[in-house]
Amino acid sequence: MEQFLDLIFGSGLGLAAFSPDLLDIDQKLPKSDIFALFILNRRGQLTMSDLAAELGAPLSTLTGIAARLTKRKLIVRERDPNDRRSIVLQLTPEGRDLAQHVEQQIGQFIGRVQSALTPEELNTLLELIGKIMRSLSVRPGIEQQPDAEQRPRKILIED
């Protein structure tokens, strides 16, 4: 399932390519915002730094995502009671409903794909998706750094 999610959120395809029921959401929210909701739904509350790391995005990008989602009342931002320097994000009931709806639609798509293939074909498909995603993540002419150096740093922000 994770490889399918990488395909969905890591490709240029919109959510509507996987389910026409997601067209409205796809037009109203950027994929990065939807993915942030999806991660928060799966992991529960996260600090800004942790969610930025999960998204593979710099903290400055996550600040914009969090602002948009807060404005739409899909998440709430609060100070961490254990560390007042950190901001914790969590879904509102509306945000949770939206994330669960998207996950349900994607799950139905994945279910249709799985039912159409034998286990061997599914394994081959997942291997090919992984290979394609790895090849698309490499930029020609740019030397790749080890994974540890590519992860964003955790930076605490103060208001």
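Along the sequence shown, the residues carry numbers beginning at 1.
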Heavy atoms of Met48 and Ala66 approach each other most closely as SD-CB, 4.0 Å

Within a strict 4.5 Å, meaning less than it, do heavy atoms of the Gln90 and Arg77 side chains meet?
no

Taking side chain as C-beta onward, heavy atoms only, is Thr47 less than 4.5 Å from Asp83?
no

Any side-chain heavy-atom pair of Gln114 and Pro119 under 4.5 Å:
no

Take Lys71 and Arg68 through the side-chain contact (heavy atoms from CB on, under 4.5 Å) test and state the conclusion after the steps.
CA-CA 5 Å; Lys71 184 177 179 180; Arg68 284 190 303 272; 5.7 Å; no

Can a salt bridge be assigned to the pair Glu103 and Arg42 using a cut-off of 4.0 Å between side-chain N and carboxylate O?
yes

Rounded to the nearest 0.5 Å, the CG atom of Asn123 sits from the CD atom of Glu127 at a distance of 6.5 Å

Specify the closest pair of heavy atoms between Ile87 and Arg79, including all atoms of both residues, with the distance to one decimal.
CD1-NH1, 3.5 Å

Using the rule given for side-chain contact (heavy atoms from CB on, under 4.5 Å), can you reason through Leu74 versus Leu91, listing the C-alpha separation, both sets of side-chain angles and the distance that settles it, and then say yes or no?
CA-CA 6 Å; Leu74 297 172; Leu91 294 174; 5.8 Å; no

In the single-linkage hydrophobic clustering (I, L, V, M, F, W, Y; side-chain heavy atoms under 4.5 Å), do Ile110 and Leu128 co-cluster?
no

Enter the distance from Ile65:CD1 to Asp33:CG here, rounded to the nearest 0.5 Å.
5.5 Å

Return the CG to OG distance between Leu46 and Ser86, rounded to the nearest 0.5 Å.
12.0 Å

Gap separating the CG atom of Asn41 from the CG atom of Leu98, nearest 0.5 angstrom
9.5 Å

Between CG on residue Leu40 and CZ on residue Phe35, distance to nearest 0.5 Å:
11.0 Å

Would you mind reporting whether Leu29 and Arg72 have side-chain heavy atoms less than 4.5 Å apart?
yes

Within the side chain of Thr92, is there an N or O that forms a donor-acceptor pair under 3.5 Å with the backbone of Lys73?
yes

So CG of Leu117 and CG of Leu126: to nearest 0.5 Å the spacing works out to 9.0 Å

Report yes or no: does Gln105 contribute a side-chain atom to a donor-acceptor pair with the main-chain N or O of Val102 at less than 3.5 Å?
no

Is it possible for you to say whether Val88 and Ile39 belong to one hydrophobic cluster, with membership spreading through side-chain heavy-atom contacts below 4.5 Å?
no

Output side-chain donor-acceptor pairs under 3.5 Å for residues 51-61, partner residues at least two apart or in another chain, one line each.
unit_1 : atom_1 : unit_2 : atom_2 : d
Glu54  : OE1    : Arg43  : NE     : 3.3
Glu54  : OE1    : Arg43  : NH2    : 3.1
Glu54  : OE2    : Arg43  : NE     : 3.2

Would you call Gln45 and Leu89 a side-chain contact if the rule is heavy atoms closer than 4.5 Å?
no

